[in-house]
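To start, the structure itself, in structure tokens.
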Amino acid sequence: MDAHAHHGPAKGLTRWLFTTNHKDIGTMYMWFSFAMFILGGAFAMIIRAELFQPGLQMVNPEFFNQMLTLHGLVMVFGAIMPAFVGLANYMIPMMIGAPDMALPRMNNWSFWILPFAFAMLVSTLFMEGGSPNFGWTFYAPLSTTYAPPSVTFFIFSIHIMGMSSIMGAINIIATVINMRAPGMTYMKMPMFVWTWLITAFLLVAVMPVLAGAVTMMLMDIHFGTSFFSAAGGGDPVLFQHVFWFFGHPEVYIVILPAFGVVSQIIPTFARKPLFGYDSMVYATASIAFLSFLVWAHHMFTVGMPIAGELFFMYATLLIAVPTGVKVFNWVTTMFRGSMTFETPMLFCIGFIILFTIGGFTGVMLAIAPADFQYHDSYFVVAHFHYVMVAGAVFSMTAAIYYWLPKWTGKMYDETLGKTQFWIAFIGFNLAFFPQHFLGLAGMPRRIPDYALQFTNFNMLSSIGAFIYGGAQVLLGFNVIRTIVAGKPVNDPKVWDGAQGLEWTLPTPAPYHTFTTPPEVK
């Protein structure tokens with residue numbers, strides 16, 4: 001029976017609950033991630049509203065810390081990662097000529113455990129002692145000794161998120177390795193497929209490490225062990241090593257699919273193939289490999305030996321090389337192309353400019369002696385938001401605008417899309433650029449109050465954050481408006497072929513070759 005032939009509300013609900021269709025599951029992932037994006041954004045708005053002026057205005061410090069923790073966790077695990085997993089689910093089978101994902105039942109399960117994980121995480125707000133209050137990095141012994149009782153639920157929800165990620169990753173690996181169409185060799189795959197294949201291996205490698213970290217936390221809290229307690233012969237710094245051995249590859253898990261998206265979109269609107277396809281594949285693989293060798297650059301201030309600081313400093317500077325290769329290849333793809341500036345292209349160009357700024361501040365943070373000044377200041381906050389928001393979120397927005405006509409058969413409102421880009425671009429920079437100055441002037445992270453000299457930059461930052469938040473409402477409106485009332489793309493007045501170029505360009509992946517099996521011709 002055709003999956004779409006159901007009738008009636010109950011049948012419709014059943015279709016979404018039990019669907020094994022990769023497009024349905026991809027759609028659910030993306031809507032779920034958008035809901036989490038709005039929720040995580042609401043937490044951020046509380047943080048920025050409190051920081052609009054010095055002193056304590058709106059929330060008490062305890063609740064402020066809970067907002068910080070939930071904002072980070074919801075954005076990373078609830079918004080960015082599921083968004084790209086959804087994109088992978090929807091696009092990868094079509095890009096490699098597969099009928100569906102390799103493991104469709106597991107695909108359904110890996111999505112449906114997520115809403116429960118996040119419902120549990122957010123429900124900690126209503127528990128005795130409130131939500132976890134120790135930041136998204138949940139450093140022990142703060143998270144094991146002084147945390148509220150809800151930390152146990154937090155640990156369980158992290159386990160479930162990790163299960164979802166591992167299942168999604170195994171599915172992508174199995175699909176790409178086993179289900180490519182005849183003739184679709186590895187070096188003909190679209191860049192988005194390559195970046196996700198490499199990301200999937202990263203996920204399988206590091207998610208169990210996170211599970212180990214939270215399991216040791218659980219043991220320390222409930223079973224009398226002392227993994228992270230110096231009093232019992234353990235070591236608090238051990239937690240940081242275990243966490244960041246997961247956490248650094250994690251930031252590349254967040255950004256590599258974004259690189260894939262940008263590598264698909266820029267050739268379309270530059271009207272020429274991606275420059276240096278092979279080098280892009282090798283650069284992605286190099287970034288993934290090196291991401292396992294740089295974790296302690298988050299820990300320069302813990303008192304590691306000078307040899308350790310040097311190793312992690314040099315390894316971190318080295319990982320900037322393949323990242324730079326990618327940026328140069330994107331710029332070279334655009335060079336002398338017949339460029340047009342539709343909404344997806346604007347978001348990609350914004351991505352390149354802002355991600356490069358984030359890259360430069362990353363190199364600054366990699367210099368061990370300088371990091372002693374920057375560490376745990378707002379400079380770090382500025383750096384990772386330039387990478388994760390201007391990186392991951394801008395490219396995800398580009399992907400939504402780019403493929404929305406393909407998904408819905410309707411065209412989004414281009415003027416509204418461009419308006420959203422400019423509001424987002426200005427709001428983002430207003431929110432996060434001043435934070436570099438705040439950090440260099442000495443403002444620490446994760447505080448609800450600050451010295452008077454930081455007032456003006458914090459005001460600017462809060463205003464920018466609210467502008468950027470407003471832009472996301474515009475995105476949601478544009479998407480829903482497209483679905484409900486967009487003009488059909490087969491109307492020649494609507495569809496000028498710009499978005500369709502992806503299928504006719506001489507890209508390394510000749511999609512058109514596989515539409516008709518040879519024996520039919």
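From Ser33, atom OG reaches atom CD1 of Ile80 across 10.0 Å, with rounding to the nearest 0.5 Å. With rounding to the nearest 0.5 Å, the separation of CG in Asn89 from CD1 in Ile25 is 6.0 Å. For the atom pair CD1 of Ile113 and CE of Met120, the computed distance is 10.0 Å after rounding to the nearest 0.5 Å. Taken to the nearest 0.5 Å, the CG atom of Leu87 stands 13.0 Å off from the OH atom of Tyr29. Remark: Asn133 CG to Leu68 CG distance equals 10.5 Å, nearest 0.5 Å. Distance CE/Met127 to OG1/Thr152: 9.0 Å, rounded to 0.5 Å.
Taking the six-membered ring for Trp, His297 and His248 have ring centres closer than 6.0 Å. In this structure, the ring of Phe138 has its center less than 6.0 angstrom from the ring center of Phe243. Aromatic ring centroids of Trp295 and Phe246 lie 6.0 Å or more apart. Between Trp196 and Phe84, the ring center distance fails the sub-6.0 Å criterion. In summary, the aromatic rings of Phe118 and Phe32 are positioned with their centroids under 6.0 Å apart. Between Phe379 and His383, the distance separating the two ring centers is not shorter than 6.0 angstrom. Ring pair Phe394/Phe355: centre-to-centre distance not below 6.0 Å.
Shown here for Phe63 and Asn60, the closest heavy-atom pair between the two residues is N-OD1, 2.8 Å. For the pair Pro434 and Asn429, the tightest heavy-atom approach, listed with the atom from each and the gap, is CD-O, 3.5 Å. Nearest approach of Ile265 to Ala399, heavy atoms of both residues: CD1-N, 4.0 Å. Scanning all heavy atoms of the two residues, the minimum distance from His375 to Val380 falls at CA-CG2, 4.3 Å. When all heavy atoms are compared, the tightest approach of Thr69 to Asn65 is OG1-O, 2.9 Å. Closest approach of Gly130 and Ser150 over heavy atoms only: O-OG, 2.6 Å.
Val151 has its side chain within reach of Met217: a pair of non-hydrogen atoms, C-beta onward, lies under 4.5 Å apart. Between Leu365 and Phe300, every side-chain heavy-atom pair lies at or beyond the 4.5 Å cut-off. Side-chain contact check for Tyr378 versus Tyr450: every heavy-atom pair is 4.5 Å or farther apart. With a 4.5 Å cut-off on side-chain heavy atoms, Trp16 and Asn21 do not count as touching.
Remark: Ala471 engages Gln420, Ile423, Ala424 in a side chain to side chain contact (heavy atoms under 4.5 Å, CB included) (not counting sequence neighbours).
Within a 6.0 Å radius of CZ in Phe372, more than 12 heavy atoms belonging to other residues, nucleotides or ligands are found. Trp109 CH2: 12 or fewer foreign heavy atoms inside a 6.0 Å radius. Heavy-atom contacts from other residues, nucleotides or ligands closer than 6.0 Å to CZ of Phe466 number more than 12.
Remark: side-chain polar atoms of Gln472 are not paired, donor with acceptor, to backbone N or O of Ile38 under 3.5 angstrom. Judged purely by atom type and a 3.5 angstrom limit, Ser461 uses its side chain to pair as donor or acceptor with the backbone of Ala431. No side-chain donor-acceptor contact under 3.5 Å links Thr124 to the backbone of Ser131. Proximity of a side-chain donor or acceptor of Asn108 to a complementary backbone N or O of Thr20 within less than 3.5 Å is not detected.
The aromatic rings of Phe34 and Phe37 sit tilted, their planes meeting at an angle between 30° and 60°. Ring geometry, Trp407 versus Tyr90: the interplanar angle falls from 30° to 60°, so the pair is classed tilted. Ring planes of Phe432 and His385: parallel class, angle under 30° (limits at 30 and 60°).
Pairs of residues two or more places apart, or lying in two chains, never qualify as salt bridge (charged side-chain N to carboxylate O under 4.0 Å, His left out) while including a residue from residues 100-113.
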Would you sort out whether Thr215 and His159 count as a side-chain hydrogen bond (donor to acceptor under 3.5 Å, both in side chains), showing the intermediate values?
CA-CA 9 Å; Thr215 304; His159 272 303; 3.3 Å; yes
Please walk me through it: do Met161 and Met207 pass side-chain contact (heavy atoms from CB on, under 4.5 Å)?
CA-CA 9 Å; Met161 292 168 210; Met207 276 314 192; over 6 Å; no
For Phe292 and Phe245, what are the C-alpha separation, side-chain angles and deciding distance, and is it a side-chain contact (heavy atoms from CB on, under 4.5 Å)?
CA-CA 7 Å; Phe292 287 103; Phe245 190 77; 3.8 Å; yes
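A cation-pi contact, defined as under 6.0 Å to the ring centre and within 45° of the axis, links Arg180 to Tyr186.
Exactly one residue among Phe239, Phe154, Tyr139 makes a ring pair (Phe, Tyr, Trp, His ring centres under 6.0 Å) with Phe134. That residue is Phe154.
Of the N and O atoms on the side chains of Asn458 and Arg48, at least one donor lies less than 3.5 Å from an acceptor on the other residue.
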